[in-house]
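A short worksheet on the structure shown next.
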Amino acid sequence: MAAKNDYYTILGVGREASETEIKKAYRKLAMDHHPDRNQNNKAAEERFKEISEAYEALSNPQKRRDYDLYGHRMDRAGFEGFRDFGDVFGDIFSDFFGFSTRGGQRSERGADLRYNLEISLEEAAFGYETKINIPRMETCSECNGRGTEGGTEPATCPNCRGSGQVRFQQGFFTISRTCSKCHGEGRIITHPCNKCRGARKIKRERTLSIKVPPGVETGTRLKSTGDGEAGAHGGHAGDLYVVIIVRDHPVFTRDGNDIYCESPIGLAQAALGTEIEVPTLDGGKTDLKIPDGTQSGTTFRLKGKGIPNIRGYGKGDQIVRVIVQIPSKLNARQRDLLEEYAKISGEEISSGKGFFKKMKETIKI
């Protein structure tokens, strides 16, 4: 696997850069490499993901501190392997890097949560606010996360005598391993809390208000910091990620920030020209001028009637595709007039095929 690029290098800032400088660099790069501006460009898409990953790490003070200390090893898999190395070499490793792997209750960040939120195309276009119910693990309010019954404290682990580690000799080396009885905490709960039964957390359902900004699309992730599950031993709570799913619309389809719809017109309207009303996404209607001689499938653009850009850079357009409708039945007067028109135009209609049947075969929609 190829090594990851340095996050500071990706954003083009120094390690001493302020939050404002990091945000400014990210916005410029994200705008240049956004998939909407680089359609069908796989390299730009990958670059955009890399920029977003770097910004997510460096814009969070805690994650930035971890990255400055451990680099890309700050992720869970890498850090666990890093910690196992310390178990073998004990005091030398922990003293050198400035933290202890023995008998401590190292704080742990809570788990992130995901919630899929389904909304309409109108809500995606104009913004939306709603409430959602999130089941999550929270710190027990009875024992404040200690896991013990009121007035009691955890007891020293008899297996490791409070060190959190058990040591044994192997040749010239003294090997340390995490205590299996207390799981490295150095203490065990002998009188568990009646509410959480020693788990330190309880499951609760919270109602949260979510604001969906205008311009979101399916796959957009909204981050609610600290609304994930509670951390352990004083660790920060995780985050909640609300993933947007936009329902299909009966009239409009979306492509980027543009929306498309179809509008039927009659044969005479297409030939002679007219003005029609077309629906808009805000629930209203707008006038559209159809010039004479318009062919079926012709498209017209209504400026600014599409979806707002999620970052505030203008709005898309509404594209209207007109479909010329051929009547399936004619009365005698209509047929006489059209046969006269065909005669004047020099059109051959004596092949046995009706005029409108020939028209339907000619106009492919």
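Values in this document were obtained by computation on a predicted structure and should not be read as measured data. If you read the sequence from its start, that first residue is 1, and numbering goes on from there.
- Taken together through direct or relayed side-chain contacts under 4.5 Å among Ile, Leu, Val, Met, Phe, Trp and Tyr, Val251 and Leu281 form part of one hydrophobic cluster.
- The neighbour count for Lys23 NZ, taken as heavy atoms of other residues, nucleotides or ligands under 6.0 Å away, does not exceed 12.
- Side-chain contact of Tyr55 with Arg27: a donor-acceptor pair under 3.5 Å is absent, judged by distance alone.
- Classification of the Phe48-His34 ring pair by plane angle, with boundaries at 30° and 60°, yields perpendicular.
- With rounding to the nearest 0.5 angstrom, the OH atom of Tyr115 is 9.5 Å from the CG atom of Leu240.
- Of all the heavy atoms in Ile259 and Lys305, the pair that sits closest is CD1-O, 3.5 Å.
- Residues Leu117 and Val246 share a hydrophobic cluster, clusters being chains of Ile/Leu/Val/Met/Phe/Trp/Tyr side chains in contact below 4.5 Å.
- Nearest heavy-atom pair across Pro279 and Gln318 is O-NE2, 2.9 Å.
- The closest side-chain heavy-atom distance from Ser209 to Lys131 is below 4.5 Å.
- Salt-bridge check for Lys24 with Glu21: failed, with every basic side-chain N at 4.0 Å or more from each acidic carboxylate O.
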Going through the distances and angles, do Glu277 and Leu288 end up as a side-chain contact (heavy atoms from CB on, under 4.5 Å)? CA-CA 6 Å; Glu277 283 188 337; Leu288 176 63; over 6 Å; no
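- Arg114 CZ to Ile134 CD1: the interatomic distance, rounded to the nearest 0.5 Å, is 12.0 Å.
- A donor-acceptor contact closer than 3.5 angstrom is absent between the side chains of Glu122 and Tyr128.
- Within 6.0 Å of CZ in Arg197 there are 12 or fewer heavy atoms belonging to other residues, nucleotides or ligands.
- One hydrophobic cluster, built from ILVMFWY side chains closer than 4.5 Å, cannot hold both Phe252 and Val278; they sit in different ones.
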